[in-house]
Amino acid sequence: MALTPLELRPLGNTGLKLSSLGFGASPLGNVFGIVSEADAIATVRQAFNLGINFFDTSPYYGGTLSEKMLGKALKALGVPRNEYIVSTKCGRYKEGFDFSAERVTRSIDESLERLQLDYVDILQCHDIEFGSLDQIVTETIPALLKLKEAGKIKFIGITGLPLGIFSYVLDRSPPGTVDVILSYCHYGINDSTLEDLIPYLKSKGVGIISASPLAMGLLTESGPPEWHPASVELKAACQDAAAYCKDKGKNISKLSLQYSLSNKDISTILVGMNSVKQVDENVAAAVEVATVGKDEKAISEIEEILKPVKNQTWPSGIQQS
Ligand code: NAD
């Protein structure tokens, strides 16, 4: 057990309190390499035992495998349902995108079955920049509101890469209908552009989840997976930074995670984890930053190396008309 418990932070107006470090379950869908069922169960158990109470998945991850694995692992915990918070998504599938009311309504039933749950705490429209944002406002969110009334979901969220999608949808939705946003790869050492949106989100009472503090593997010693969309230049700069840290006896993943965790306006930082070792390392890093603070010197050295590529991102989604 960690000596100091993980910090709990409020999620917008939802009343939920999420552990500052959240469990990203995409690796349980074998997205970053094969993870056995036994390892998946042990990883989730370790995360829960060390104070992680928030688990995020999607039917898209591993073509439904992540939801199935997470469902088995949560059941194996054998603890009351209200002791953990689960978020899944709708609208993005192995077969493609479909944000229609009919598809997302069917989707939640399929997800609940795979997760072996009666409800999820948060259902998020997954990567909305690949659909019509107007459809999200006029069709998808109203369908999700019905699921809320039916008790299948507690809160509604939207996710995606370009930050402009969030204000587009929030500005056009009745206040209080979208409870949460999930942004990824925009609050880390190499890209911190989410920061500019935080005052707006706070003014709307919308909870903020930030994912991929390791920039989907860019800020790790072993580097990103083959499919990573970053430019050659960004990948090279991150690998230079990782090598620099290694030389100094530092771990780039730990420093990156601590950088992201330091902003308390963000309710939770979601990290993809596929082993007990990664859970142990990441929880220790979270506890250390909450008690001792972050390694300012090492972080500013990495920022210097990454300066030429600072806030560089990649295209995602379709052009909205
Ligand atoms: P990430 O930045 O968390 O990186 C994950 C990679 O880093 C994996 O290969 C993992 O094994 C590795 N890793 C984790 N801890 C490590 C450590 N201590 N040392 C070395 N390597 C370590 O990226 P991610 O998994 O893509 O994002 C986290 C989660 O956020 C996802 O699982 C998913 O739940 C969510 N997410 C959602 C969206 C979306 O909704 N559009 C997008 C991205 C991520």
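All ligand and atom numbering here is 1-based and tracks the order in the structure. Side-chain atoms are counted along with the backbone in the values below, which use heavy atoms only and exclude waters and symmetry mates.
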*Run the salt-bridge test on Glu7 and Lys17 with the 4.0 Å N-O cut-off and return the result as yes or no.*
no
*Quick one: look up the protein heavy atom nearest atom 35 (C) of ligand 1 and list residue, atom name and how far away it is.*
Asp56 OD2, 3.5 Å
*With a 4.0 Å cut-off on heavy atoms, does Lys89 reach ligand 1?*
yes
*For ligand 1, is there an N or O atom under 3.5 Å from any N or O atom of Gln278?*
yes
*Can you tell which part of Ser212 has a heavy atom less than 4.0 Å from ligand 1: side chain, backbone, both or neither?*
both
*Could you label the plane-to-plane angle of the His126 and Tyr60 rings as parallel, tilted or perpendicular, counting under 30° as parallel and over 60° as perpendicular?*
perpendicular
*Is there any N or O on Glu281 that sits under 3.5 Å from an N or O of ligand 1?*
yes
*Would the number of heavy atoms belonging to other residues, nucleotides or ligands and lying under 6.0 Å from NZ of Lys148 be above 12?*
yes
*With a 6.0 Å cut-off on ring centres, are Phe55 and Phe48 close enough?*
no
_Nearest-contact summary for atom 20 (C) of ligand 1 - protein heavy atom, Å_ = Ser253 OG, 3.6 Å
*For Gly24, the ligand 1 atoms whose distance to one of its heavy atoms is below 4.0 Å*: 29 (C), 31 (C), 32 (O), 34 (O)
_Tell me whether Lys250 is salt-bridged to Glu301, with the criterion being a basic N under 4.0 Å from an acidic carboxylate O._
no
_Please list, in number order, the atoms of ligand 1 under 4.0 Å from a heavy atom of Ala25._
32 (O), 34 (O)
*Between Met216 and ligand 1, is there a nitrogen or oxygen pair with a distance under 3.5 Å?*
yes
*Decide whether an N or O pair under 3.5 Å exists between Thr159 and ligand 1.*
yes
*Nitrogen or oxygen atoms of Gly272 and ligand 1 under 3.5 Å apart*: yes
*Nitrogen or oxygen of Leu214 less than 3.5 angstrom from that of ligand 1*: yes
*Any donor-acceptor pair under 3.5 Å linking the side chain of Glu67 with the backbone of Arg114?*
no
*Looking at ligand 1, does Tyr61 have a heavy atom less than 4.0 Å from it?*
yes
_Within 45° cone and under 6.0 Å: Arg9 NZ/CZ vs Phe54 ring_ = no
*Hey, are Lys204 and Asp179 close enough for a salt bridge, meaning a charged N less than 4.0 Å from a carboxylate O?*
no
